[in-house]
Amino acid sequence: MMKKNSNDASSGAAHSAYVRSVFLLRRLSQTVTRIGLIISITVLIAGAAACGGTSSSRKQSHQKKELSHPLLFVLGKDFYQYSDLFTYLSNIYTVESLKANLHILSYSDMTAKTKQPRLSMISDRLATKPVEALISIGIPEGGARILRTVKEKHPALHIFSLLPVEEILPLEAYSDVVVDFELPDSFAKADRAVNIPAHDVQTLVLCAVTAIEQMNELPEQEPFPRFARAVATTEAILKERGITAWGGTRYTLQPYKDPELNIRSYNYLILSPSSIGGQADDTEIETGAAGEKQ
């Protein structure tokens, strides 16, 4: 009888040990499963954070800039109807900074009450809304006289004269820089707006604004290297945003050279297509798809 009880007790102890081992195995399995789940969730969160960081970094690299210098654009007869004149500026600079700092006086404003443009409106506009720079595009004839008056009243004003139809020498005297495209002799100045592609004018406008934005970086730099640096910067900025500067055309930037005296201008610069401009020398900057070459 005592032997039977001993066997029963031994059997019960074995069963209890078996139950405990099964329970421990289940707990261990549950713990491993939870740890695996936690690791998976952690990996997913880390991956999402990494993707978010990459996306944020990409957005940051293409974030629009703030236009920091107040500007007055004066648009001549051939250019005031360019509806997409400031497209590249809108791609690069924030809407708020453009609204605050970009002011426009167009040919239609200057001829609203008279047949001939009232260029004195340039001086009037500067008196009511002071700016740091004036950028003219195709300033009408007589513009040099008003620029002289403006420069006398506002000696610190930077003046960029783009695509002029006015006499060049007077403009050079009162402008920081005068920039033009070289056109075939068969094209008259009056036809220039028709023959200059919109993307070339858009790029040139952005180059002028970039030069003004960089003005304080090297304040003593001369007009040619200053504008060449602005051209290189503009091309790089547009490339980052998937835009091809000059529509892909390769231009040579160089000071204008008087064909009779063989003297280079100090601040009158010419953008020549490579087929016209020829091989660049040590004082010329080649721009366009290949970037900058000095």
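Positions are given from 1, in the same order as the sequence printed here. Nothing here was measured: the structure is a model prediction, and the numbers come from that model.
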Original post:
At what distance, to the nearest 0.5 angstrom, does CG of L163 lie from CG of D180?
Top reply: 5.5 Å

Original post:
What is the minimum heavy-atom distance between Y174 and A144, and which atoms define it?
Top reply: CD1-O, 3.8 Å

Original post:
If you round to the nearest 0.5 Å, how far is NZ of K65 from CD1 of I237?
Top reply: 4.5 Å

Original post:
Step by step, would you call L162 with S136 a side chain to side chain contact (heavy atoms under 4.5 Å, CB included)?
Top reply: CA-CA 6 Å; L162 311 179; S136 68; 5.9 Å; no

Subject >> Minimum side-chain heavy-atom gap K77-P140 below 4.5 Å >> reply: no

Original post:
Quick one: are the ring centres of F224 and Y266 less than 6.0 Å apart?
Top reply: no

Subject >> Close side-chain approach of L169 to E172, heavy-atom, < 4.5 Å >> reply: yes

Original post:
Shortest non-hydrogen contact from G143 to L119?
Top reply: N-CD1, 3.6 Å

Subject >> Cluster link I263 to Y268, ILVMFWY, side chain under 4.5 Å >> reply: no

Subject >> Flag side-chain contact, heavy atom, 4.5 Å: L105 against M110 >> reply: yes

**OP:** Could you give me the CA-CA distance, side-chain angles and deciding distance for S123 and I146, then say whether side chain to side chain contact (heavy atoms under 4.5 Å, CB included) is met?
**Re:** CA-CA 7 Å; S123 184; I146 196 66; 4.2 Å; yes

Original post:
Short question: side chain of E166, backbone of G142 - any donor-acceptor pair under 3.5 Å?
Top reply: yes

Original post:
Which atoms form the tightest heavy-atom contact between L171 and S161, and what is the distance?
Top reply: CD2-OG, 4.1 Å

Subject >> Salt bridge R229-E217, side-chain N to carboxylate O under 4.0 Å >> reply: yes

Subject >> Test item: side-chain donor near acceptor, H69 and E213, under 3.5 Å >> reply: yes

Original post:
Would a distance-only check, ignoring hydrogens and angles, find a side-chain to backbone donor-acceptor pair under 3.5 Å from D176 to I159?
Top reply: yes

**OP:** Take K99 and V95 through the test side chain to side chain contact (heavy atoms under 4.5 Å, CB included) and record every step on the way to the result.
**Re:** CA-CA 6 Å; K99 285 182 177 179; V95 174; 3.6 Å; yes

Original post:
With a 4.5 Å limit on heavy-atom distance, are the side chains of Y251 and P273 in contact?
Top reply: yes

Original post:
Any side-chain heavy atom of F160 within less than 4.5 Å of one from L134?
Top reply: no

Subject >> 4.5 Å side-chain heavy-atom contact, R145 and T149 >> reply: no

**OP:** Please answer whether the main-chain N or O of D84 pairs with a side-chain N or O of T87 as donor and acceptor at a distance below 3.5 Å.
**Re:** yes

**OP:** Drop me the distance from Y256's OH to N267's CG, to the nearest 0.5 angstrom.
**Re:** 13.5 Å

Original post:
Short question: side chain of R226, backbone of Q221 - any donor-acceptor pair under 3.5 Å?
Top reply: yes

Original post:
If you count the non-hydrogen atoms of other residues, nucleotides and ligands that lie under 6.0 Å from CD in E141, is the total more than 12?
Top reply: no

Original post:
Got a donor-acceptor contact below 3.5 angstrom from the N91 side chain to the R241 backbone?
Top reply: no

**OP:** Sort out for me which residue in L71, I212, L126 forms a side-chain contact (heavy atoms from CB on, under 4.5 Å) with V131.
**Re:** L126

Subject >> Atom pair OG/CG of S265 and D258 - distance to nearest 0.5 Å >> reply: 9.5 Å

**OP:** Output yes when a side-chain donor or acceptor of D109 lies under 3.5 Å from a complementary backbone atom of S106, and no otherwise.
**Re:** yes

**OP:** Check for a donor-acceptor pair, side chain of T203 on one end and backbone N or O of W246 on the other, with a separation under 3.5 Å.
**Re:** yes

**OP:** Might you point out which heavy atoms bring S108 and Y80 nearest each other, and give the distance in Å?
**Re:** CB-CE1, 3.7 Å

Original post:
Minimum heavy-atom separation for A230 to C207, with atom names?
Top reply: CB-O, 3.6 Å

Original post:
Hey, does T234 have a side-chain heavy atom less than 4.5 Å from the side chain of Y88?
Top reply: no

Original post:
Does a side-chain heavy-atom distance below 4.5 Å link V165 with I139?
Top reply: no

Subject >> Straight-line distance of H158 NE2 to E132 CD, nearest 0.5 Å >> reply: 7.0 Å

Original post:
With no hydrogens and no angle check, is any side-chain donor or acceptor of N101 less than 3.5 Å from a backbone partner on L67?
Top reply: yes

Original post:
Are the aromatic ring centres of Y107 and F79 under 6.0 angstrom apart?
Top reply: no

Original post:
Looking at NE2 of H199 and CG of L204, how far apart are the two atoms once the value is rounded to the nearest 0.5 Å?
Top reply: 13.0 Å

Subject >> Main-chain N/O of Y93 paired to S97 side chain as donor or acceptor, under 3.5 Å >> reply: no

**OP:** Would you check if the side chain of T128 reaches a backbone N or O of R125 as a donor-acceptor pair within less than 3.5 Å?
**Re:** yes

Subject >> Residue Q116 excluded, over 12 heavy atoms near CD under 6.0 Å >> reply: no

Original post:
Yes or no on side chain to side chain contact (heavy atoms under 4.5 Å, CB included) for V74 and I135, after CA distance, side-chain angles and deciding distance?
Top reply: CA-CA 6 Å; V74 177; I135 302 174; over 6 Å; no

Subject >> Smallest separation among heavy atoms of S272 and Q254, with atom names >> reply: OG-NE2, 3.3 Å

